[in-house]
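Working notes, structure below.
As the structure lists them, so they are numbered: ligands from 1, and atoms in each ligand from 1.
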Amino acid sequence: MTIVAPSLLSADFMNLADAINMLNESEADWLHLDVMDGRFVPNITFGMPIISQMKALTDKPLDVHLMIVEPEKYLEEFCQAGADILTVHAEACVHLHRTVMKIKELGMKAGVSLNPHTPVELLRDLVSEIDLVLLMSVNPGFGGQSFIENTYNKTRRMRAIADEQGTPLTIEIDGGVTDKNALKLVEAGADALVAGSYVFGADDPKARIASLKV
Ligand code: DX5
Ligand code: ZN
């Protein structure tokens with residue numbers, strides 16, 4: 001069954017505890033947390049203090065997506081805050097292999113995210129070391145943008161690279177995900193879907209989450 005990871009970016013920040021309680025009761029598998037620094041992306045969100053408070057409210061894994069420059073400086077801190085999966089952007093890491101190894105050494109699952117323009121072939125020599133690839137299907141920075149169609153093609157190519165090497169890999173898609181593209185993404189090779197505005201923009205967010213379990 002598809003892993004569904006609602007993004008709290010589109011939740012009401014003044015009522016985060018309510019949003020987390022709703023997710024606890026829903027079919028959501030992971031909580032997707034978008035950390036932005038105003039440098040790697042043109043927006044700023046939240047960091048470790050908020051994440052550690054969220055951690056106390058849920059038993060579901062925290063899927064932390066770092067959209068920050070020099071993420072290697074903060075790996076221990078995100079680990080302590082409660083990240084279960086820690087994803088860094090390939091474009092933000094000069095020594096991506098070293099950063100991935102460090103994330104795993106700390107006991108977290110290691111994810112690497114690629115912007116829409118970054119070819120999946122970049123990960124050919126690293127794929128056997130990583131647990132998860134997060135393919136951005138919008139340009140990172142904001143919720144509510146429209147899905148980039150080339151993502152299907154990238155998903156297929158990423159899955160082919162992992163299969164060629166016989167390595168298990170979770171492929172997660174982030175940006176503009178709805179019930180309209182979920183099935184096609186899973187058919188292309190995706191395992192996990194992030195959804196922000198599609199989930200939190202609805203009167204019945206739990207039903208929206210269920211609709212992504214394709
Ligand atoms: C965007 C973030 C996403 C965002 C997705 O940079 O990485 O996780 O919350 O939002 P939607 O689902 O609205 O595109
Ligand atoms: Zn994200």
- Check each atom of ligand 1 against the heavy atoms of Met36 and keep those under 4.0 Å away; list them by number with element. 6 (O)

- A student checking ligand 1 against His65 at a 4.0 Å heavy-atom cut-off should list atoms 7 (O)

- Message: Measuring from atom 1 (C) of ligand 1, which candidate in Phe142, Tyr198, Phe200, Phe147 has the nearest non-hydrogen atom?
- Response: Phe142

- In the protein, what heavy atom is nearest to atom 9 (O) of ligand 1, and what distance, to one decimal place, separates them? Ser7 OG, 2.8 Å

- List the closest protein heavy-atom neighbour of atom 5 (C) of ligand 1: residue, atom name, distance to the nearest 0.1 Å. Asp174 OD1, 3.5 Å

- At the Zn ion (ligand 2), what angle lies between atom OD2 of Asp174 and atom ND1 of His65, rounded to 10 degrees? 90°

- Message: Looking only at the side chains, is there a donor atom on one of Thr170 and Asp191 sitting less than 3.5 Å from an acceptor on the other?
- Response: no

- Message: Quick test of your reading of the model: are Asp163 and Arg156 salt-bridged, counting only N-O distances below 4.0 Å?
- Response: no

- Message: Only heavy atoms of Met67, strictly under 4.0 Å: list the atoms of ligand 1 that pass.
- Response: 6 (O), 7 (O)

- Message: Given the Zn ion (ligand 2) as the apex, I'd like the angle to NE2 of His32 and OD1 of Asp34, rounded to 10 degrees.
- Response: 90°

- Query: If you group Ile, Leu, Val, Met, Phe, Trp and Tyr by side-chain heavy-atom gaps below 4.5 Å, do Leu66 and Leu62 land in one group?
  - Reply: yes

- Item | Residue Phe147 excluded, over 12 heavy atoms near CZ under 6.0 Å | yes

- Answer yes if Ile148 and Met158 sit in the same cluster of Ile, Leu, Val, Met, Phe, Trp and Tyr residues linked by side chain heavy atoms under 4.5 Å apart, and no otherwise. no

- Item | Gly175: numbered ligand 1 atoms lying under 4.0 Å from its heavy atoms | 14 (O)

- Taking distance alone, with no angle check, do Asp34 and ligand 1 share an N/O pair under 3.5 Å? yes

- Task: Within a distance under 4.0 Å of any heavy atom of Val194, pick out the atoms of ligand 1 and give their elements.
- Result: 8 (O)

- Query: Heavy-atom distance to atom 6 (O) of ligand 1: which of Gly144, Gly141, Ser10 wins?
  - Reply: Gly141

- Identity and separation of the nearest protein heavy atom to atom 10 (O) of ligand 1: Gly143 CA, 3.5 Å

- Item | Heavy-atom neighbours of Lys109 NZ exceed 12 at 6.0 Å | no

- Numbered in order shown, the ligand 1 atoms found under 4.0 Å of a heavy atom of His32 are 8 (O)

- Item | Distance from atom 12 (O) of ligand 1 to nearest protein heavy atom, with residue and atom | Gly196 N, 2.8 Å

- Note, Met22 side chain near Ile209 side chain (heavy atom, < 4.5 Å): yes

- Message: For the CG atom on Asp125, are there more than 12 heavy atoms of other groups (residues, nucleotides or ligands in this structure) within a distance under 6.0 Å?
- Response: no

- Per-atom filter on ligand 1: closer than 4.0 angstrom to a heavy atom of Pro140 are 6 (O)

- Note on the structure: shortest atom 14 (O) of ligand 1-to-protein heavy-atom contact is with Gly176 N, 2.8 Å

- Item | Numbering as shown, the atoms of ligand 1 that approach Ser197 to under 4.0 Å (heavy-atom distance) | 11 (P), 12 (O), 13 (O)

- Task: Measure the acute angle between the ring planes of Phe13 and Phe46, then classify it against the limits of 30° and 60° as parallel, tilted or perpendicular.
- Result: perpendicular

- side-chain contact (heavy atoms from CB on, under 4.5 Å) evaluation trace for Asp34 with His32: CA-CA 7 Å; Asp34 290 298; His32 184 84; 3.0 Å; yes

- Item | Pair Lys104 + Asp131: basic N to acidic O under 4.0 Å | no

